Amino acid sequence: MKKLINNPDDVLREQLEGMQLAHHDLIHIHLDPAFITRKEATPKGKVALISGGGSGHEPMHGGFVGYGMLDAACPGEIFTSPTPDQMYEAGKAVEAGAGILNLVKNYTGDVMNFEMAADMLMADGIKVQNLIIDDDVAVKDSLYTAGRRGVGTTVLMEKIVGAAAEDGYTLEQLSTLARKVNRYGRSMGMALTSCITPANGSPSFEIGDDEMEIGIGIHGEPGIQREKMKTVDEITEMMTLGILEDPAYHRQLRAWSPEKGEWIDVAETDEPFGSGDQVIAFVNSMGGTPVSELYGVYRKMNEIIEKKGLTVVRNLIGPYITSLEMQGCSITLLKADEEILKYWDAPAHTPALRKGM
Amino acid sequence: MKKLINNPDDVLREQLEGMQLAHHDLIHIHLDPAFITRKEATPKGKVALISGGGSGHEPMHGGFVGYGMLDAACPGEIFTSPTPDQMYEAGKAVEAGAGILNLVKNYTGDVMNFEMAADMLMADGIKVQNLIIDDDVAVKDSLYTAGRRGVGTTVLMEKIVGAAAEDGYTLEQLSTLARKVNRYGRSMGMALTSCITPANGSPSFEIGDDEMEIGIGIHGEPGIQREKMKTVDEITEMMTLGILEDPAYHRQLRAWSPEKGEWIDVAETDEPFGSGDQVIAFVNSMGGTPVSELYGVYRKMNEIIEKKGLTVVRNLIGPYITSLEMQGCSITLLKADEEILKYWDAPAHTPALRKGM
Amino acid sequence: MITKSHLIEWLRACDAIYTENKTYLTQLDTAIGDADHGNNMHRGFRKVGEQLDSLADKDIGALLKAVAMTLISTVGGASGPLYGTFFLQAAGKASGLNELNAAQMADVLEAGIGGIKMRGKASAGDKTMLDAFIPALEAFRTTPDDLQTALNNAADAAEKGAEDTIPLIARKGRASYLGERSRGHKDPGATSAAMMLRELAKAAEGDA
Amino acid sequence: MITKSHLIEWLRACDAIYTENKTYLTQLDTAIGDADHGNNMHRGFRKVGEQLDSLADKDIGALLKAVAMTLISTVGGASGPLYGTFFLQAAGKASGLNELNAAQMADVLEAGIGGIKMRGKASAGDKTMLDAFIPALEAFRTTPDDLQTALNNAADAAEKGAEDTIPLIARKGRASYLGERSRGHKDPGATSAAMMLRELAKAAEGDA
Ligand SMILES: Nc1ncnc2c1ncn2[C@@H]1O[C@H](COP(=O)(O)OP(=O)(O)O)[C@@H](O)[C@H]1O
Ligand SMILES: Nc1ncnc2c1ncn2[C@@H]1O[C@H](COP(=O)(O)OP(=O)(O)O)[C@@H](O)[C@H]1O
Ligand SMILES: [Mg+2]
Ligand SMILES: [Mg+2]
Ligand SMILES: [Mg+2]
Ligand SMILES: [Mg+2]
């Protein structure tokens with residue numbers, strides 16, 4: 001393992017310390033438990049937006065804390081969900097009377113830890129809603145799996161919902177928007193190489209010089225399928241069609257019912273993309289793939305999308321939701337209506353994403 | 001070689017096409033010869049700022065074309081200087097009556113090709129000045145080498161000089177500022193892995209699982225020295241002290257003398273950094289190193305800088321001047337006075353760097 | 001009877017066994033998960049191990065609750081809330097007690113396992129830690145003779161249950177994403193659960 | 001006499017030789033440069049090769065100038081302007097001519113080499129293409145007998161000059177950054193220059 005690190009046990013703390021030093025004008029990093037907040041307190045009456053998950057996906061989530069996006073982020077150990085005390089302390093630190101919306105990627109660990117944290121916060125009288133993001137079309141069924149994973153839509157969600165929170169949305173309005181973004185967003189990823197967590201020191205899977213993994217998540221796990229290496233046009237076609245041709249997807253997602261006072265399963269159904277749709281396209285590097293190659297992906301993706309009668313109206317290209325130094329990419333398409341575009345275009349100022357200010 | 005590409009011969013064109021599709025709101029890409037301009041014409045009377053060099057360093061330079069930075073960029077083949085016809089056509093496309101400043105990294109090929117292009121433009125009656133950037137402290141002498149290479153300072157230069165150009169600096173004022181930025185900026189880089197150009201298909205150097213290269217340039221070439229792998233603290237110390245303790249550096253740089261009407265060598269001398277200096281710190285990924293590791297570098301770098309009595313007043317962290325998918329990093333420190341800070345803080349809107357707008 | 005000091009010895013042994021098997025459990029999780037289960041268990045029980053001395057005065061309920069809180073705040077991932085809830089629910093059945101007879105032990109185990117089911121919504125055969133815990137509880141309850149034998153049988157059943165996860169297709173947790181590719185691998189959580197129960201049986205044999 | 005068709009054959013042979021040696025020259029450049037010299041030469045002379053048919057009517061000066069412009073706009077790197085300037089300056093000495101005698105050939109070569117010196121500011125022994133060109137010109141000028149022997153001697157001297165770059169430390173171009181590490185490797189540009197001169201000697205042997 002060759003990495004720019006010291007002792008593997010200290011990696012997370014040291015990197016957070018470096019981030020604090022680098023971005024002290026924007027954020028404040030708390031250790032023990034670890035969470036990242038904006039430098040300025042949440043304005044009274046603004047819903048506090050919190051996300052978190054395992055580390056190793058930088059800049060997500062800590063890099064998206066700041067005006068127009070998150071109020072707090074909770075980094076777990078590398079590829080391991082954060083613990084409830086992190087979200088509890090973060091929640092208490094940033095809540096400002098209008099409640100908390102937690103953006104949770106759909107992994108068993110994340111869902112359960114955020115649920116426990118919500119229970120703890122609600123016991124303190126704070127309104128909390130957990131929004132589960134599950135956008136990975138590589139996972140086909142939801143009955144025999146833990147359901148679709150939360151991947152690229154998360155980044156777009158944090159931008160859009162963050163801007164709406166800034167604009168005064170209530171917790172209920174914000175949850176409704178977030179559910180829509182989740183229904184409208186779909187992703188698929190692939191890997192050329194594996195990655196190495198500092199704690200393990202060896203690759204999370206072995207892969208040949210002429211092979212790739214299709215349908216990966218973001219935790220260095222192998223994908224749904226291994227294939228012989230192909231051209232970027234073929235790979236992009238496989239991913240783009242995988243997203244565009246995915247049929248309606250039905251599932252039950254956990255949510256807190258304030259009426260019943262308990263966690264319930266809420267039915268959600270995506271409609272597939274269709275001709276005439278406007279989309280925000282997000283071409284993401286898994287960490288080790290340079291932006292130049294992402295432009296090659298973008299080129300073919302755009303061609304396929306246009307051929308299907310859709311239009312890319314906005315885009316985001318770069319390493320935003322990564323798996324350490326893994327080489328590979330993911331594509332996320334988000335159907336964009338007026339509300340979504342308005343908040344996509346709104347200003348943001350965070351360590352990793354800045355626009356309009 | 002595993003890359004997201006089609007035929008190696010088409011990589012450059014296809015990636016430029018993808019970039020055009022992705023950023024048509026900001027830039028316009030010309031092929032044959034290849035150059036990238038802003039979407040909007042240069043305002044009358046504004047000096048046109050142009051840079052260029054081999055491709056493979058993305059987002060530099062094309063990603064820095066836009067308001068507050070470059071007017072045009074000329075991408076050569078991967079790791080190969082662009083040809084004079086590219087700079088000639090780019091210059092004719094963006095010049096707006098106030099002349100052209102070319103920002104040229106100090107590589108024999110870049111210097112000669114930009115010089116030929118300047119000759120061609122001057123023959124058309126356009127005022128041109130070429131500013132050579134040579135900031136790589138890993139190259140020790142200038143008498144027995146082609147001189148220090150141009151590396152990280154280039155990115156900071158494009159931001160600062162770009163903002164000053166926007167602010168109405170004349171060609172002479174802009175050249176003076178650019179010379180100062182070059183004298184004030186120093187860099188050093190290191191690699192954990194090599195990289196592969198699509199044309200060659202195999203690594204540019206072999207390196208062991210426990211080795212690293214110190215003092216690399218940005219073209220996948222081996223460094224000044226190979227060493228056993230060390231911790232990020234040790235590596236960062238070596239680079240930071242390499243920059244801070246570098247003594248005054250004397251050299252002759254090519255420049256056009258309008259008085260003499262010929263290319264002359266101009267003497268330049270850097271003063272070393274000293275206690276009390278304010279610096280802009282730029283921690284750069286060579287492409288394959290994720291931003292999380294850069295924060296580990298930043299942490300130690302900041303500690304050393306503070307111990308030496310200097311202060312980091314601004315920073316930039318991420319993959320901005322890369323060598324394809326190479327793993328490794330570089331540090332650039334730029335002494336910052338009022339003029340430099342003013343233009344660092346000024347707004348910019350380009351595909352890869354955006355602030356204040 | 002199982003005394004508090006048996007349980008403290010047990011928790012100390014868990015710390016040791018997860019330290020020893022950190023790499024092994026992570027390897028299992030590399031095959032069908034995200035390569036962290038050993039690290040997670042080690043991190044959690046290392047912290048528990050450090051706190052044991054300061055917990056000597058508490059009753060069993062308080063001891064198990066303290067373990068629960070530590071696991072919840074250090075393990076993370078899926079196993080953190082699951083094992084945390086296991087100890088939390090178990091603690092509820094042991095509050096005020098300083099020793100446990102066979103019936104009490106069964107209630108404690110059952111409550112803990114109920115917590116895992118409640119939290120994770122998995123069932124037997126989903127290729128999770130429940131595939132070790134459920135047969136273990138069954139074996140414990142159906143052992144007529146003494147507590148020690150019951151614990152031994154439970155540990156045996158858990159180990160067999162963990163082995164039996166190999167041919168299963170995962171339907172919960174991260175491994176479920178692999179579908180058919182999850183077959184042929186032992187579930188890491190079932191393996192760590194079997195270790196925990198084996199250490200309990202061994203600790204109960206000691207002096208108290 | 002060297003005729004225009006000799007030179008056209010020569011340029012065609014250059015296209016072929018750089019196609020054949022693309023990988024070899026790039027390998028030399030991998031050791032002490034940035035691994036593109038073969039690609040650069042191949043790209044440039046491939047383009048020259050494609051244009052040769054359309055240049056058949058021009059005089060030698062115009063032919064060499066067209067080659068210069070093509071190399072300048074396709075090769076890039078350091079070698080693009082250097083070889084481009086070589087052909088550009090050489091063209092200046094051949095304008096209006098349709099064949100070259102030994103003295104004219106010497107002037108053409110000298111002018112071209114002067115262009116390289118002017119553009120790149122290198123001297124003999126700096127481990128560059130000049131270490132092939134300079135001894136070649138010297139050998140050409142000091143060969144008393146016929147043109148063909150002079151060209152052969154020039155090619156021999158260039159090849160020896162290229163070989164002799166191996167022990168040198170580079171002082172110009174990218175290889176200079178390696179300092180001591182540049183020793184023990186043959187200079188790519190000197191090697192491509194020797195190939196160019198060998199092809200010239202061979203082409204001159206043919207019918208014209
Ligand atoms: N819903 C669930 N119910 C019970 N056990 C589960 C569930 N999901 C996962 N597990 C267990 O958790 C183990 C994985 O734990 P761990 O690797 O620590 O967490 P993560 O999967 O978040 O990385 C699995 O091997 C499985 O036994
Ligand atoms: N200043 C110079 N004068 C003459 N030849 C030079 C000079 N600098 C470099 N060269 C030649 O150029 C060759 C490298 O060419 P090439 O690899 O195509 O360009 P680059 O170095 O820009 O990648 C070197 O091997 C050397 O022979
Ligand atoms: Mg995990
Ligand atoms: Mg080159
Ligand atoms: Mg795991
Ligand atoms: Mg080269």
Side-chain angles (χ1 to χ4, degrees), chain B residues 8-9 33 53-54 56 76-86 88 107-117 120 136 138-149 194-197 199-206 215-226 254 265 323, chain D residues 22-23 25-27 29-44 46-47 68-85 88 115-116 118-122 125-129 169-182 185 189:
Chain B
D9 289 341
E77 294 291 317
I78 288 175
F79 293 168
T80 299
S81 319
T83 55
D85 53 315
Q86 295 177 258
Y88 176 65
Y107 300 96
T108 308
D110 291 47
V111 172
M112 293 190 303
N113 283 291
F114 269 95
E115 210 168 285
M116 293 178 90
M120 290 158 74
D136 183 355
V139 178
K140 282 299 162 207
D141 60 78
S142 66
L143 262 184
Y144 299 109
T145 65
R148 289 189 167 171
R149 298 174 285 218
S194 174
C195 61
I196 300 180
T197 64
N200 293 337
S202 56
S204 52
F205 57 87
E206 295 297 332
I216 55 155
I218 53 171
H219 298 90
E221 66 276 64
I224 300 304
Q225 187 173 325
R226 177 163 295 195
R254 299 285 277 174
D265 284 335
S323 295
Chain D
K22 177 178 137 179
T23 309
L25 290 171
T26 291
Q27 265 165 8
D29 198 33
T30 304
I32 57 171
D34 60 348
D36 63 358
H37 186 59
N39 307 334
N40 295 345
M41 296 304 286
H42 170 65
R43 189 172 53 247
R46 193 70 277 284
K47 193 79 181 178
M69 298 319 289
T70 300
L71 294 180
I72 288 171
S73 67
T74 55
V75 177
S79 50
L82 291 169
Y83 278 117
T85 306
L88 201 62
I116 296 178
M118 180 269 293
R119 178 71 58 205
K121 307 261 174 311
D126 282 352
K127 193 164 185 148
T128 71
M129 55 177 72
I169 296 188
R171 281 192 299 248
K172 288 283 172 194
R174 243 168 240 295
S176 68
Y177 299 125
L178 291 173
E180 272 295 334
R181 277 171 99 177
S182 68
H185 300 279

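Numbers restart at 1 for each chain; the letters A, B, ... are given by sequence-line order, proteins then strands. Remember, predicted model here, so these are calculated numbers, not experimental data.
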Undergrad: Does any N or O in the side chain of Tyr177(D) come within less than 3.5 Å of the main-chain N or O of Gly215(B), such that one atom is a donor and the other an acceptor?
TA: no
Undergrad: Can you say whether Pro222(B) sits under 4.5 Å from chain D via the side chain, the backbone, both, or neither, judging by heavy atoms?
TA: both
Undergrad: With Phe79(B), which residues qualify under ring pair (Phe, Tyr, Trp, His ring centres under 6.0 Å), at least two apart?
TA: His57(B), His219(B)
Undergrad: Given a strict heavy-atom distance threshold of 4.5 Å, which part of Ser182(D) is in contact with chain B: side chain, backbone, both, or neither?
TA: neither
Undergrad: Under 4.5 Å heavy-atom distance to chain B, tell me which part of Ala170(D) shows up: side chain, backbone, both or neither.
TA: backbone
Undergrad: Between Arg181(D) and Gly223(B), is there a donor-acceptor pair closer than 3.5 Å when you use the side chain of the first and the backbone of the second?
TA: yes
Undergrad: Measure across Ser176(D) and Ala146(B) and return the closest heavy-atom pair with its distance rounded to 0.1 Å.
TA: OG-N, 2.9 Å
Undergrad: Identify the two heavy atoms, one from Met112(B) and one from Ala78(D), that lie closest to each other, and give their separation to 0.1 Å.
TA: CE-O, 3.2 Å
Undergrad: Find the one option among Gly147(B), Ser202(B), Pro203(B) whose heavy-atom pairs under 4.5 Å with chain D are most numerous.
TA: Gly147(B)
Undergrad: Taking all heavy atoms of Thr83(B) and all of Ser73(D), pick out the closest pair and write down the distance.
TA: OG1-O, 3.4 Å
Undergrad: Considering only heavy atoms and a distance below 4.5 Å, find which of Asp126(D), Thr85(D), Asn39(D) pairs most often with chain B.
TA: Asn39(D)
Undergrad: When only pairs under 4.5 Å are counted, which of Arg119(D), Glu180(D), Lys172(D) shares the most heavy-atom pairs with chain B?
TA: Arg119(D)
Undergrad: So, Asn200(B) side chain and Thr26(D) main chain: donor-acceptor pair closer than 3.5 Å or not?
TA: no
Undergrad: Give the minimum heavy-atom separation between Thr108(B) and Gly173(D), together with the two atoms involved.
TA: OG1-CA, 3.4 Å
Undergrad: Do any N or O atoms from the side chain of Thr80(B) and from the backbone of Gly76(D) form a donor-acceptor pair under 3.5 angstrom?
TA: no
Undergrad: For chain D, which of Val111(B), Thr197(B), Val139(B) has the most heavy-atom pairs under 4.5 Å?
TA: Val139(B)
Undergrad: Go through Met116(B), Gln225(B), Glu115(B) and name the one with the most non-hydrogen pairs under 4.5 angstrom from chain D.
TA: Met116(B)
Undergrad: Hey, could you give me the CG/CD1 distance between Leu178(D) and Ile224(B), rounded to the nearest 0.5 Å?
TA: 6.5 Å
Undergrad: May I ask you to name which of Arg171(D), Gln27(D), Lys22(D) has the most heavy-atom pairs under 4.5 Å with chain B?
TA: Arg171(D)
Undergrad: Rounded at 0.5 Å granularity, tell me how far CD in Glu221(B) sits from CZ in Arg174(D).
TA: 6.5 Å
Undergrad: Tell me every residue that passes salt bridge (charged side-chain N to carboxylate O under 4.0 Å, His left out) with Lys121(D), counting only those two or more places apart in sequence or in another chain.
TA: none
Undergrad: Examine whether an atom of Asp85(B) lies under 4.5 Å from a heavy atom of chain D, and if so say whether it belongs to the side chain, the backbone or both; otherwise answer neither.
TA: side chain
